[in-house]
Number of protein chains: 2
Amino acid sequence: MRDIANKLGVSSVTVSKALNDKEGVSEELKDKIKQLAADMGYRFNSVARSMKDGMSYNIGVVIPERFAGANQFYLHFYEHLSKVLDSHKYYGILQILGAQDEEQLVLPRIYHEKKVDGFIILGQISKEYIELLQQTDVPFLFLDFYTDDVDIDSIISDNFYGMYEMTNYLIKQGHRKIAFVGNIYSTSSIQDRFLGYYKSILEHHLKLKEDYVIPDRDRRGIFIDLQLPDEMPTAFVCNCDHIAYILTNKLKQMGYRVPEDCSVVGFDNDIYSAICDPQLTTVEVNVEEMSQAAVKSIIQKVRNPKYTIGRQMVKGTIIHRQSVSAIRQSV
Amino acid sequence: MRDIANKLGVSSVTVSKALNDKEGVSEELKDKIKQLAADMGYRFNSVARSMKDGMSYNIGVVIPERFAGANQFYLHFYEHLSKVLDSHKYYGILQILGAQDEEQLVLPRIYHEKKVDGFIILGQISKEYIELLQQTDVPFLFLDFYTDDVDIDSIISDNFYGMYEMTNYLIKQGHRKIAFVGNIYSTSSIQDRFLGYYKSILEHHLKLKEDYVIPDRDRRGIFIDLQLPDEMPTAFVCNCDHIAYILTNKLKQMGYRVPEDCSVVGFDNDIYSAICDPQLTTVEVNVEEMSQAAVKSIIQKVRNPKYTIGRQMVKGTIIHRQSVSAIRQSV
DNA sequence: CTGAAAGCGCTTACAG
DNA sequence: CTGAAAGCGCTTACAG
């Protein structure tokens, strides 16, 4: 392409400078070159640039298989990431990490082919896989989860305070018998949400009854049947909207009215909170802001491998809907 | 990297051949080279290959903004595409086409930077934008929609026969008063689904009453309030699960029982058919097969620009659930 | 079976 | 303000 632009009588160096608005070319020449380039339908070849400076300007977004598919939340997240990357002149390449590849510690092809400058890992992966990633020289960060290793950058929703405030809110509404729904060994998100709940319980000198912590899924993340406690709580704090939705339907089937007999709250503000009847009071994860933070950080890390952010929290917001009712205190 | 491999005493040409399992290198040497490459942590540089053969091995998947976000269906589609592309050694780059860019006929950056070898357009775009695409020399095909221009390749769900068979099924169940829900001027999918419905109506010598065709959305795809006909139908054929879900709730609110008083069927087999109470009988779009077809075709087109497939249909399947009941025929 | 040469399209010093 | 030279890492003829 550039040779043809040369037929304007200048060298390719000058054309390059003009098209990139660099110094060292007169304004007239620049305009002339830009004009001709447009007329000739010239398209910049990003591959050549990548060849030169060793950057692909691609970021790999890795989602473990078990979080894709069913969980539209991460796909929705990916959509945001993709837009934000675009606005930073980068591109996202989605990589679903197969269960088998994760198990057998196989790095994705985008790694082996140097297709990407860095990774955003969206959704918790195994410890072994994390170690594998650390052995590479490719920068990466975790999005929406973290591990006990402080050295790994991660951007997470403020699960702890989100659930803490949500539980506080229920207590203010007069609730005292409050159960938590979620497998607290499953992911760091769920664990933190539980701890936020627990902090609120402790602060208000309530007891944490063992059967008030109700597991919702097995180790592979598959939902299991919920075991309700003998003494019914007046409120259920669920680790996500999906299980809150399932619980609400189960309660209704059992003859309980929501929220008159039991209040139910969720987390995520995804589609399940909207389609639930009644609609769920929930905590909205700030996907937009988290995406912005993740993209900015990974680009920084690509440019400067020593750049670190540690654990970065992004606050959520309580969305008030119809699944909570205040109760009068008896006793 | 390759120079270092050279320190095994051979040329880079030989290394290239060995790593690509090409002819002209002895088996021993190949093994030795592969071994050393693995030991040294050599990673192939796909950029250099792209530079050489002018292919990026990326396919742009373009989703108009109005179909993303709310409509998880296309994101789910993208996930499949991404996997299938991966299995063909290609990569997908998601491009949300902004409403403004579409309006002002701005081609995406992945075009201007030669980031992709071809486009899969996922979701109907404006006529003007299609003409713009035709003026480029980049191969593209339409997925899940088509236009009146026969020359443009497209892969679509067999909307027509899907809805035709669904309507036949309702008639077999004894229904005679059957309404269609959908804006028939909105997209080709909806139009075809309507026509499949209409074919069934015609074949059974039923009348198409004007108020039995109920618009569900405005020109921008925003759902509008449904205007039910004066004489209630016994069955509603909806152009998608989402509106079927909305309709079902509206009917229940008005005091009708579904399916006892009215049957409701949808299309897509997406989340709305699962969460609807009762769950919806619907037509499942074969996303997997459509993704396979789209990826194979676009790769063929990239390799040979003259390759065309025309309009390729992929059959759907009726999923039977609880939203239809048979009725006895009176009169 | 092995390798020297050339080239893909750009950019980065550097020299004029 | 402008350009000649070199190089990014690979592959494709072609010659030995």
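Below, chain A is the first sequence line, B the second, and so on; all start at residue 1.
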- [ ] Would you please indicate yes or no on a ring centroid separation below 6.0 angstrom for B:Tyr74 and B:Tyr78?
- [x] no
- [ ] Please state how far atom CG in A:Asn45 lies from atom C1' in C:dC8, giving the value in whole angstrom units.
- [x] 9 Å
Task: A:Ser12 side-chain proximity, nearest of D:dT2, C:dT11, D:dG3 - done: C:dT11
Open item on the list: Assuming nearest nucleotide by heavy-atom distance, tell me which of B:Glu23 and B:Asp53 is located more 5' along DNA chain C.
Closed with: B:Glu23
- [ ] Report the residue (A:Ala48 or B:Leu29) whose heavy-atom-nearest nucleotide on DNA chain C is the more 5′ of the two.
- [x] B:Leu29
- [ ] Is it possible for you to check whether B:Arg43 lies under 6.0 Å from the centre of the six-membered ring of A:Tyr111, through NZ or CZ, and within 45° of that ring's axis?
- [x] yes
Task: Short N-O contact, A:Glu23 and A:Lys17, less than 4.0 angstrom - done: no
Task: Protein-nucleotide distance (B:Tyr57, atom OH; D:dC10, atom C1'), rounded to Å - done: 12 Å
TODO: Given side-chain hydrogen bond (donor to acceptor under 3.5 Å, both in side chains), test A:Asp86 with B:Gln95 step by step and report yes or no.
DONE: CA-CA 8 Å; A:Asp86 193 17; B:Gln95 179 73 51; 3.2 Å; yes
Task: Residues B:Asp149 and B:Lys127 bridged, charged N to O under 4.0 Å - done: no
- [ ] Find the distance B:Lys32:NZ to C:dT2:C1' and express it as a whole number of Å.
- [x] 14 Å
TODO: Calculate the interatomic distance between A:Lys30 atom NZ and D:dC1 atom P; express it in whole Å.
DONE: 8 Å
- [ ] Answer with base, sugar-phosphate or nothing: what part of the nucleic acid does B:Lys22 contact at a heavy-atom distance below 4.0 Å?
- [x] sugar-phosphate
Open item on the list: I want to verify a distance call: between C:dT12, D:dT12, C:dC10, whose nearest atom is closest to the A:Phe44 side chain?
Closed with: C:dC10
Task: Separation of atom NZ in A:Lys114 from atom C1' in D:dC8, rounded to whole Å - done: 11 Å
- [ ] Side chain of A:Lys52 only, please: which of D:dG7, C:dG9, D:dT2 is the nearest?
- [x] D:dG7
Open item on the list: What is the distance, to the nearest angstrom, from the CE atom on B:Met51 to the P atom on D:dC8?
Closed with: 13 Å
TODO: For residues A:Val285 and A:Phe73, determine if any side-chain heavy atom of one lies less than 4.5 Å from a side-chain heavy atom of the other.
DONE: yes
TODO: Grab the OH-C1' distance between B:Tyr42 and D:dG9 for me, whole Å please.
DONE: 8 Å
Open item on the list: Could you tell me how far apart A:Lys17 (NZ) and C:dA15 (P) are, to the nearest whole angstrom?
Closed with: 14 Å
Open item on the list: Checking A:Arg49 against A:Tyr57: is there a side-chain donor and acceptor pair closer than 3.5 Å?
Closed with: no
Open item on the list: If the cut-off is 4.0 Å, is A:Ser11 near the phosphate of D:dA4, judged by side-chain N/O to OP1 or OP2?
Closed with: no
Task: Phosphate OP1/OP2 of D:dG3 contacted by A:Thr14 side-chain N/O (<4.0 Å) - done: yes
Task: Watson-Crick or G-U stems involving DNA chain D, each at least 3 pairs long, distances under 3.5 Å, ordered by first number - done: C:1-3 with D:14-16, C:5-12 with D:5-12, C:14-16 with D:1-3
- [ ] Ignoring backbone atoms, establish whether B:Ser16 has a side-chain N or O less than 4.0 Å from OP1 or OP2 of D:dT11.
- [x] yes
